[in-house]
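Since the structure comes first, as structure tokens, the remarks are kept for the end.
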Amino acid sequence: MPNYRRARVPGACYFFTVVTYRRSSVFESRDAQSLLGNVIRECRERWPFVVNAMVLLPDHLHAMWTLPRGDDRYSARWGYIKKQFTSRYLAETGVEQGVSAAEQKERRRGVWQPRFWEHTIQSESDFERHFDYLHYNPVKHQYVQCPHEWSASSFHRWVNAGVYSRDWGCQQSLRFPDVQNTTGDI
């Protein structure tokens, strides 16, 4: 079994990519989107962190979190979020993908991929690059023409705060260095 090493920097800002099992479109449903939001808020009450930015697409999400000083337990938070979401989603007639017998023995369910990808933000320019990449992602995947057309995004919060103009990312074809994991794990 591979030895996955995580960057552990207490109090850091991290960029995450979390993917549904077999890229199923779990988050096409407004109910699933709302449920995930509720679970994330509950997690923040238990283990505080700042959600700097987030976008939720049908089969994956990107998030940027800043953890409290001295705290590097983002894996525990994601574990809680994924477990609580899965339990409630399936109880509310959510559909899971079939899993293999080996995955069943590991008590996996067909809602999330078992891991996630994280990147520790290294600088202000690194933050800006990931922040923009995250908010442009619905356009990149051709769900919409402009970031403001995608409702499940913190883009709207940052437009209201004056960080972005409403039409940011609409006229130009933005190009970002690939901030995704290149190992193929997700």
Side-chain angles (χ1 to χ4, degrees), residues 1-29 32-33 35-68 71-90 94 96-97 99-100 102-104 106-122 126-127 129-138 140-141 143 150 152-154 176-186:
M1 179 172 218
N3 182 15
Y4 293 98
R5 297 187 66 179
R6 298 266 184 214
R8 302 248 180 239
V9 181
C13 180
Y14 297 92
F15 174 89
F16 301 99
T17 300
V18 186
V19 181
T20 60
Y21 189 74
R22 295 186 181 155
R23 290 212 174 250
S24 61
S25 296
V26 170
F27 298 110
E28 282 185 338
S29 155
Q33 293 173 13
L35 175 60
L36 181 63
N38 291 337
V39 170
I40 290 172
R41 283 185 285 280
E42 288 172 17
C43 183
R44 288 179 63 201
E45 288 176 19
R46 295 183 82 167
W47 301 293
F49 60 96
V50 173
V51 177
N52 305 100
M54 186 166 169
V55 66
L56 183 60
L57 286 88
D59 63 354
H60 71 284
L61 67 89
H62 297 291
M64 291 177 73
W65 294 353
T66 300
L67 299 185
D71 187 343
D72 66 359
R73 298 195 61 223
Y74 57 81
S75 288
R77 289 166 171 87
W78 279 119
Y80 175 87
I81 290 166
K82 290 167 80 173
K83 181 178 180 180
Q84 291 298 316
F85 176 85
T86 298
S87 174
R88 296 176 200 180
Y89 174 73
L90 294 176
E96 70 180 304
Q97 300 295 307
V99 295
S100 70
E103 290 168 320
Q104 287 175 6
E106 294 176 358
R107 298 176 58 179
R108 291 192 192 167
R109 303 300 301 259
V111 177
W112 297 101
Q113 286 192 13
R115 289 177 285 280
F116 58 87
W117 185 76
E118 106 284 330
H119 166 74
T120 307
I121 300 298
Q122 303 293 319
D126 193 30
F127 181 97
R129 183 170 57 95
H130 284 81
F131 191 77
D132 288 348
Y133 176 87
L134 178 153
H135 289 118
Y136 192 72
N137 211 248
K140 175 188 172 206
H141 288 284
Y143 290 114
W150 193 255
S153 173
S154 59
F176 296 98
D178 192 8
V179 298
Q180 290 295 303
N181 179 359
T182 57
T183 65
D185 290 335
I186 33 183

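Every value quoted in this text rests on a predicted model; they were computed, and no experiment measured them. Only heavy atoms go into these numbers, but all of them, side chains included; no hydrogens, no water, no symmetry mates.
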Fill in the blank from the handout: When rounded to the nearest 0.5 Å, the distance separating CG of L36 from CZ of R41 is 9.0 Å
Exercise for the section: Answer yes if the ring centres of F16 and W78 are under 6.0 angstrom apart, and no otherwise. Expected result: yes
Problem - Side chain S153, main chain H135, donor-acceptor under 3.5 Å - result: no
Problem - Distance-minimising heavy-atom pair for Q33 and E28 - result: NE2-O, 4.1 Å
Practice task
Taking all non-hydrogen atoms of both residues into account, name the closest pair between A7 and E118 and its distance.
Solution key: N-OE2, 3.3 Å
Practice task
Output the distance between atom CD1 (I121) and atom CZ (R129), rounded to the nearest 0.5 Å.
Solution key: 8.0 Å
Practice task
With rounding to the nearest 0.5 Å, note down the distance linking CH2 in W150 to CG in N137.
Solution key: 10.0 Å
Problem - Side-chain heavy-atom pair F131, F15 within 4.5 angstrom cut-off - result: no
Exercise for the section: Using modelled atom types only, decide if a donor and an acceptor are shared between the side chain of S87 and the backbone of K83 within a distance under 3.5 Å. Expected result: no
Exercise for the section: Decide ring pair (Phe, Tyr, Trp, His ring centres under 6.0 Å) for W65 and Y74; before the verdict, give the C-alpha distance in whole Å, the side-chain angles of both, and the deciding distance to 0.1 Å. Expected result: CA-CA 9 Å; W65 294 353; Y74 57 81; 7.9 Å; no
Fill in the blank from the handout: Here the gap from L57 atom CG to R23 atom CZ, rounded to the nearest 0.5 Å, amounts to 9.5 Å
Exercise for the section: Indicate yes or no: at least one non-hydrogen side-chain atom of F49 is less than 4.5 angstrom from one of Y14. Expected result: no
Completion exercise
Closest non-hydrogen atoms of P58 and T20, given as atom of the first, atom of the second and distance, are O-CG2, 4.4 Å
Exercise for the section: Quick one: closest heavy-atom pair of E42 and R88, and the distance? Expected result: OE1-NH2, 2.7 Å
Handout entry: Exam field: side chain R77 to backbone P48, donor-acceptor pair closer than 3.5 Å
Key = yes
Problem - Under the ring pair (Phe, Tyr, Trp, His ring centres under 6.0 Å) test, residues paired with F85 that sit two or more places apart - result: F27, Y89, W112
Completion exercise
In short, H62 meets T17 closest at the heavy-atom pair ND1-OG1, 3.0 Å
Problem - Approximate separation, where rounding is to 0.5 Å, of H141 NE2 and H60 NE2 - result: 3.5 Å
Exercise for the section: May I ask you to test the F116-S75 pair for a side-chain heavy-atom distance under 4.5 Å? Expected result: yes
Completion exercise
Value for CD1 (I40) from CG (L35), rounded to nearest 0.5 Å, stands at 10.0 Å
Exercise for the section: Please answer whether the main-chain N or O of L67 pairs with a side-chain N or O of D71 as donor and acceptor at a distance below 3.5 Å. Expected result: no
Fill in the blank from the handout: Closest heavy-atom pair, T66 versus N52, reported as atoms and distance to 0.1 Å, is OG1-OD1, 2.9 Å
